[in-house]
Amino acid sequence: MWYHKLLHLQSSLQNLMKRGYTGQALQLSNFKSLFSLSIHWCHTASKSVSCTWHQHEDHLELQYASTVMRFDYVWLRDHCHSASCYNSKTHQRILDTASVDLCIKPKTIRLDETTLFFTWPDGHVTRYDLDWLVKNSYEGQKQKVIQPRILWNAKLYQQAQVPSVDFQSFLKTSDELKKFLQNFLLYGIAFVENVPPSQEHTEKLAERISLIRETIYGRMWYFTSDFSRGDTAYTKLALDRHTDTTYFQEPCGIQVFHCLKHEGTGGRTLLVDGFYAAQQVLQKAPEEFELLSKVPLKHEYIENVGECHNHMIGVGPVLNIYPWNKELYLIRYNNYDRAVLNTVPYDVVHRWYTAHRTLTTELRRPENELWVKLKPGKVLFIDNWRVLHGRESFTGYRQLCGCYLTRDDVLNTARLLGLHA
């Protein structure tokens with residue numbers, strides 16, 4: 001019986017649509033005898049806009065710009081940008097979200113050109129531009145990339161011929177700073193040339209982009225192979241690929257390296273795009289990629305050398321992804337500092353080791369290794385959330401200085417220059 005009623009209602013609706021029914025909502029009251037929820041359907045069509053929405057019991061289903069979106073009514077009330085709900089000067093919410101009725105429903109919905117108007121039970125009116133809804137809907141965000149990137153191996157990066165930036169131009173012009181940041185955001189590494197080989201000029205260079213992040217290593221660090229700190233970096237030994245400060249709850253975002261002097265051989269710097277390697281894992285073994293993004297690990301740094309006494313612990317998975325669009329935004333990979341694996345049951349441990357081996361194999365492929373020789377005057381910036389670094393062993397006296405940058409401030413500078421960051 002209900003099936004025949006549904007066919008009749010569908011036929012009636014189609015006849016109405018053929019006659020050009022637009023504007024106000026059409027309530028299919030007979031649906032109440034078929035379903036527990038009442039649904040309002042509305043269709044508008046013009047030369048400029050085509051929009052369809054279904055008014056469900058607890059949410060609005062909207063189709064516009066080839067996108068089907070669903071909005072909870074509380075969400076629609078909470079994001080109102082009227083003068084009484086939102087301060088357009090400070091870009092901050094005024095509305096007390098806790099005051100919104102969790103069972104709220106709009107009294108009426110209407111469309112005027114490309115703006116949807118919601119009238120709420122208390123008479124308050126909220127308006128939304130359709131394009132704003134597409135951009136800010138969950139469905140729209142699922143299709144959107146937070147940070148555009150170009151993934152690379154050694155050959156791809158060399159073929160790209162990414163230009164370096166001159167020190168003086170970098171300091172004096174916004175255009176050069178913008179070019180530098182654009183390349184850095186796309187590739188995760190960037191170089192500045194002709195920098196006077198001193199800690200002071202390296203600091204000046206870093207401050208052009210961001211606040212310097214002070215850590216247990218100080219604000220600017222300056223080191224040789226004197227083992228003055230309890231870290232392998234302060235030796236002449238080779239260092240396998242890794243990301244830094246995995247033992248911080250939030251690893252440092254950007255790393256700056258400047259080789260001030262090297263009187264000897266070896267010491268080339270190794271760079272590997274961790275996101276490129278992770279992409280290979282995703283394509284070849286998606287279940288292993290997923291495991292690496294879910295299993296939390298502890299990384300630990302224990303230091304008792306001279307005046308330096310530290311015990312740092314950071315927790316997080318190897319691969320960190322945004323849950324709504326599955327975009328990778330951070331890789332935490334450091335076999336030196338990985339602590340005891342005691343955060344998962346035994347039946348997951350072996351699968352994790354298998355997944356970790358798959359990723360390590362990709363990271364260690366020779367074709368993925370970009371080797372560069374740091375020299376006085378050439379400063380390297382590394383996205384420590386993406387690009388792994390290492391070095392070959394060296395002989396002789398070698399001085400390096402550098403620092404970590406606050407990631408939020410680097411991205412802030414990029415956005416203020418009009419870049420997608």
Side-chain angles (χ1 to χ4, degrees), residues 152 154 157-213 217-226 228 233-236 238-239 244 252-273 369-384 387-406 409-410 413-414 417:
W152 51 269
Y157 184 81
Q158 290 163 351
Q159 289 177 339
Q161 297 184 327
V162 183
S164 299
V165 175
D166 177 72
F167 174 64
Q168 292 297 332
S169 299
F170 181 86
L171 292 181
K172 295 178 180 178
T173 70
S174 295
D175 286 344
E176 288 301 299
L177 176 60
K178 184 175 181 178
K179 290 177 184 176
F180 169 88
L181 285 171
Q182 179 69 82
N183 289 332
F184 178 79
L185 292 172
L186 288 175
Y187 293 96
I189 56 174
F191 296 89
V192 179
E193 302 274 6
N194 304 317
V195 182
S198 72
Q199 182 173 313
E200 292 73 26
H201 286 91
T202 307
E203 182 177 2
K204 186 176 181 180
L205 176 71
E207 290 177 328
R208 176 75 166 107
I209 302 177
S210 162
L211 296 175
I212 293 174
R213 178 174 175 178
Y217 302 106
R219 189 168 181 274
M220 293 290 298
W221 33 262
Y222 175 91
F223 68 89
T224 63
S225 54
D226 60 359
S228 60
Y234 291 77
T235 70
K236 295 181 180 181
L239 290 174
D244 269 17
C252 292
I254 288 84
Q255 188 166 20
V256 182
F257 277 123
H258 190 184
C259 181
L260 304 179
K261 182 185 293 186
H262 185 199
E263 299 169 346
T265 61
R268 288 183 306 162
T269 296
L270 168 65
L271 300 169
V272 178
D273 186 352
E369 299 177 344
L370 178 67
W371 290 91
V372 296
K373 178 68 174 178
L374 296 183
K375 58 184 181 180
K378 184 174 185 176
V379 177
L380 167 63
F381 288 74
I382 303 174
D383 183 346
N384 187 55
V387 176
L388 286 70
H389 67 279
R391 70 155 187 248
E392 64 181 356
S393 61
F394 63 92
T395 64
Y397 183 71
R398 189 172 185 253
Q399 287 182 346
L400 270 85
C401 78
C403 60
Y404 295 114
L405 301 183
T406 306
D409 290 294
V410 173
T413 301
L417 290 170

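Here the structure is a predicted model, which is why all the values come from computation and not from measurement.
Contact detail for Gly188 and Val387: the closest heavy-atom pair is O-CG2, 3.7 Å. Closest approach of Trp371 and Arg391 over heavy atoms only: CZ3-C, 4.4 Å. When all heavy atoms are compared, the tightest approach of Cys403 to Ile212 is CB-CG2, 3.9 Å. Trp221 and Val256 get closest at one heavy-atom pair: CH2-O, 3.4 Å.
Tyr404 and Asp244 form a side-chain donor-acceptor contact under 3.5 Å, judged by distance and modelled atom types alone. Side-chain contact, Thr395 with Thr265: a donor N or O sits under 3.5 Å from an acceptor N or O.
Put simply, the side chain of Ser210 gets close to the backbone of Thr406: a donor and an acceptor are under 3.5 Å apart. Put simply, the side chain of Asn384 never gets that close to the backbone of Gln255: no donor and acceptor are under 3.5 Å apart. Without hydrogens or angle criteria, His258 side chain to Pro376 main chain gives no donor-acceptor distance under 3.5 Å. Judged purely by atom type and a 3.5 angstrom limit, Trp152 has no side-chain atom pairing as donor or acceptor with the backbone of Asp273.
With rounding to the nearest 0.5 angstrom, the CZ atom of Arg213 is 11.0 Å from the CG atom of Asp409. Leu181 contributes atom CG, which lies 9.0 Å from atom CZ of Arg208 (distance to the nearest 0.5 angstrom). Taking CD from Glu392 and OG1 from Thr269, the interatomic distance works out to 8.5 Å, rounded to the nearest 0.5 Å. The line from CG of Asp175 to CG of Leu417 is 9.0 Å long, rounded to the nearest 0.5 Å. To the nearest 0.5 Å, the span separating CZ on Arg398 from SG on Cys259 amounts to 5.0 Å. To the nearest 0.5 Å, atoms CZ (Phe257) and CZ (Phe381) are separated by 12.0 Å.
Among Ile189, Ile254, Ile209, Ile382, the one residue that satisfies the side chain to side chain contact (heavy atoms under 4.5 Å, CB included) test with Phe184 is Ile254.
Cation-pi check for Lys378 over Phe191 is met; the charged atom lies under 6.0 angstrom from the ring centroid and within 45 degrees of its normal.
Looking only at side-chain heavy atoms (C-beta outward), Tyr222 and Leu260 come within less than 4.5 Å of each other.
Classified by interplanar angle (parallel below 30°, tilted 30° to 60°, perpendicular above 60°), the ring pair His262/Phe394 is perpendicular.
With sequence neighbours left out, the salt bridge (charged side-chain N to carboxylate O under 4.0 Å, His left out) criterion links Arg219 to Glu203, Glu207. Evaluation of the side-chain contact (heavy atoms from CB on, under 4.5 Å) rule for Glu200 yields Ser198 as partners, not counting sequence neighbours.
Listed by first and then second residue, the salt bridge (charged side-chain N to carboxylate O under 4.0 Å, His left out) pairs that reach into residues 177-195 are Glu176-Lys179, sequence neighbours excluded.
Other residues, nucleotides and ligands contribute over 12 non-hydrogen atoms within 6.0 Å of the NZ atom of Lys373.
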